[in-house]
Structures are given as structure tokens and as C-alpha cells.
Number of protein chains: 2
Amino acid sequence: MPRSGKEARERLENAALTLFAARGFDAVTTAEIAALAGVTERTFFRHFPDKREVLFDGERRLTEWVTEALTSVPAGTAPWPTMRRVVDLLVPPLEANRADGDRLAAIAAATPAVQERAAAKEAHLIGLIADQLTARGAAPEEASLVARTGWGVLAHAIGSWRRAPGTRLQPHVDRAFDLLGGLVLGPQPSS
Amino acid sequence: MPRSGKEARERLENAALTLFAARGFDAVTTAEIAALAGVTERTFFRHFPDKREVLFDGERRLTEWVTEALTSVPAGTAPWPTMRRVVDLLVPPLEANRADGDRLAAIAAATPAVQERAAAKEAHLIGLIADQLTARGAAPEEASLVARTGWGVLAHAIGSWRRAPGTRLQPHVDRAFDLLGGLVLGPQPSS
DNA sequence: CACGTAGTGGCAGTCACTGACACAACGTGT
DNA sequence: ACACGTTGTGTCAGTGACTGCCACTACGTG
């Protein structure tokens, strides 16, 4: 009885998150998720390519935020300032969806398989940023390094933000960028 | 008939690499690998926790190289110069084992599951470096950022090294570090 | 009211991976 | 020479993620 197709997908997602929260990712079977959502296991795999992907449904927006941030930066801006601006633009949506991020981080911390998927998504996103920077005129080599480093700074900032409850993300981002600048400049290697 | 236990493991690894090279990772079953190695499928899983891990057996040495490099840096050295030195020390072993790295990269490029595992291993290694930097007296926040960024530079250098056949790794590393320094310094953001 | 389409159920099957038990090869001590 | 613990292995049954195939049912459109 296909009401709209999207309803089933949402029921599946809710069922999965509920069960994962209650018993952990590994102790839940896809059949159970489907049963709680009122559909068949087969239908689960019609909406999600695999069991882990249910957790990353909200992360699709992250890609959109990144793309939107990139297009909003004036053309002609150099790669590194562009990346810095993109990170700043990502702060508001990330703060607004902290709950989702925390939930995913909690499950990932307890589930290697989920951790792997998260790491792969991150790597993929870095590649996407590098491609878009290149499309904006940056040298490919430079774009890749900027994307890696800039995202690394953001990821680091998010990490310390998560470990400091009650704080805002932006200061962590600023501190991380400042720290990076100080490191690369400060202790000048003699070689 | 346990000759030494290690023999079987090596036969399994060779069998797996042979089959993967011939037909691709996904088209090979663990039963086939075991059969070619002259053992049972069960024995395969006694030597390797899962199918993908056969590919990363050589990567165990990477962790050792990193640890050795870190311990060889004189105590008291600041985090960022330490990281820079570690990367330099990793160049020789990485160059010596380029074939292994290329083989793994080729399979990973064609197999998402292997790519995921590689990304996860990289993330884990970054965490390990951060921990060891912290143990050497660095502030945890600084250690984490240094490990992320330094490894990012190395990964980027390895990437361009792979795309430039016949070149040495060290120049790519030097160029990446210089490029990073120029970026962070050069175009000073007005904000 | 016929008709194409999208979403679903049902089913059989593959494959990665695990637990439990029994057995064979070795090393060691007596 | 013999008992014994250890280690590596074979065998078997089982779970669970994931897929292909076919039939069916709701729905929108003309």
C-alpha cells in the first residue's frame, strides 16, 4: 500500500534510530527495523543501499551546505581565503544540527563499521571541495591541499566543540585557524 | 597439519592478492581464496578478521614506522617541527614500498568497501600520532591539529607522487609543506 | 475506464562471518 | 618412550546483510 513512498522511508529512519539508540547498531537487524516500520526487509533496502546509510541520511544536507557556501564566495577569491570563508559559512548549519551530529558521533564511537563509513564520507567530501575549488580556477594541487587542510581544521574544531558542552562552534573554528597559522609560522624549521 | 601457521597465512595472502588482481575484489569469495591456499574458509577467518584486512597486512608496518620515527625525534622538539621530521622519516620506507601502496590504491579506487577501510585506517593513525604527540608533552588540542594537518600534507604529497611516475617522494613532500606555509601566510584574510 | 508507473510483498539464494566441537601436529617435561 | 598442553586446523550449523526476480496493488493520467 504505497501511500507516497516517502512516508515509509521516514518510518524506516525513525524505527532504525529508535532501535539503534536502545540496543546499539550491531544488535539490531534490518528485519527488525523493517518490522517496526511496518514494511518488509526488502523494502528497507529499496530506500537505503545498506544498513549504515540510514544514519547518514541527514548528512546529505552537509554536501548541499558546502556547495552553497562555495558558490556564495565571490569568484576570484584565492583558494585558502575561500576555504576559510566556507568553513565560517558552515558553522551556523552545523550548530543548528548539533543534535544530529552528536547522535551520529555517539553511534560511530561505538561501532567501527559506522566509523568507517563516516571516514569515507569525509574523504569523499574533501575530494568534492577540491574539485569545486579547481573548477573555480585554483590549481589542482593547491585545491587538494587547501581542501584537506581546511576541512581538517574544521573537523578539529568540531571535535573540541563536542568535548566542550555549552560553547559555540565559531570560537573553536577561529582558535583552530589561529593555532594552525601560529604553528606553520612560529617554530621555523632550520632545514 | 599445522606446519607453522605462518605458512598458511602467507599462502592465503598470496592467493587473495592473485585472485583480486585477476578478477577484482568483489568478484572473489573468501572460499575461493581459502581453496587456492589449500585451507578451509574457516581458517581464512582465523588469520584475518575479515576479507578486506588481507589487503592491509602490509600496512601494519606503517604504524611501526610512524612510532619509530616519533621516538627518534629528540624530546623537547615542538609539535609541528616534530611532525615535519616524522614525515621526512617516513619518506624512505614509503618509497621502498611504493609497489604495495600502488597495488592497494588501485584496488581501493575500484572498491568502495576497501576505500572505506583505508580511510578509517588513516583516521586511526592520525589519532595515534596525536596521542603520541600528547604523550611527548604537547597540548592535546595542538597535538590533534598538528597530526591532522601534518598527515594531510603527507597524504597530499603521496597523491601527487602517485600521479607523477618516475619522481621521488621527497620533493613532493617539500613542495606540499612550502605550499601550505605560503597559503596560511600569503593571502592574509582581512577579517 | 484502460494503462503506465511507482512502491511493495514474497521468496529463493549468495556470501561474509561466527560459535562449538573434535582432531592432528608439534613442543616439553618426566 | 610416554603423557600432556598448546596451537593450528577441519567440519558443521547457523546468523544476518544484501540481491534478483516475479507478481501484485495502489495511484495518476488520458
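Numbered from 1 within each chain, the chains take letters A, B, ... in sequence-line order.
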Enquirer: Can you tell me the distance, in whole Å, between the CD atom of B:E32 and the P atom of C:dT14?
Expert: 13 Å

Enquirer: What string of B, S and - do you get for nucleotides 14-19 of chain D 5' to 3' if you count protein non-hydrogen atoms under 4.0 Å?
Expert: --SSBB

Enquirer: Write down the distance between CD (A:E10) and P (C:dG7), rounded to a whole number of angstrom.
Expert: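 From A:E10 CD to C:dG7 P: 14 Å.
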
Enquirer: Taking atom types as modelled and ignoring hydrogens, do the side chains of A:D174 and A:Q170 form a donor-acceptor contact shorter than 3.5 angstrom?
Expert: yes

Enquirer: Do B:R46 and D:dG10 have a side chain to base donor-acceptor pair shorter than 3.5 Å?
Expert: yes

Enquirer: List the steps, then state whether side-chain contact (heavy atoms from CB on, under 4.5 Å) holds for A:F177 with A:M83.
Expert: CA-CA 11 Å; A:F177 271 105; A:M83 191 68 210; 5.7 Å; no

Enquirer: Grab the CD-C1' distance between A:E7 and C:dA6 for me, whole Å please.
Expert: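 Answer to the nearest Å: 14 Å.
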
Enquirer: Does A:R175 come within less than 4.0 Å of A:D178, counting only side-chain N to carboxylate O?
Expert: no

Enquirer: So, B:E59 and B:R117, do they make that salt bridge, N to O below 4.0 Å?
Expert: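 Salt bridge: no.
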
Enquirer: In whole Å, I'd like the distance from the CD1 atom of B:I33 to the P atom of C:dC15.
Expert: 12 Å

Enquirer: At what distance, to the nearest 0.5 angstrom, does CZ of B:F25 lie from CD of B:Q115?
Expert: 12.5 Å

Enquirer: Expressed in angstrom and rounded to an integer, what is the separation of B:E53 atom CD from C:dA16 atom C1'?
Expert: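 For the pair B:E53 CD and C:dA16 C1', the rounded distance is 14 Å.
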
Enquirer: Quick one: is C:dT8 close enough that its OP1 or OP2 comes under 4.0 Å of any side-chain N or O from A:H47?
Expert: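 A:H47 to C:dT8 OP1/OP2: side-chain N or O found under 4.0 Å.
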
Enquirer: What is the distance from CG of A:L12 to C1' of C:dG7, rounded to the nearest Å?
Expert: 12 Å

Enquirer: Would you call B:E53 and B:K121 a salt bridge, taking side-chain N to carboxylate O under 4.0 Å as the test?
Expert: yes

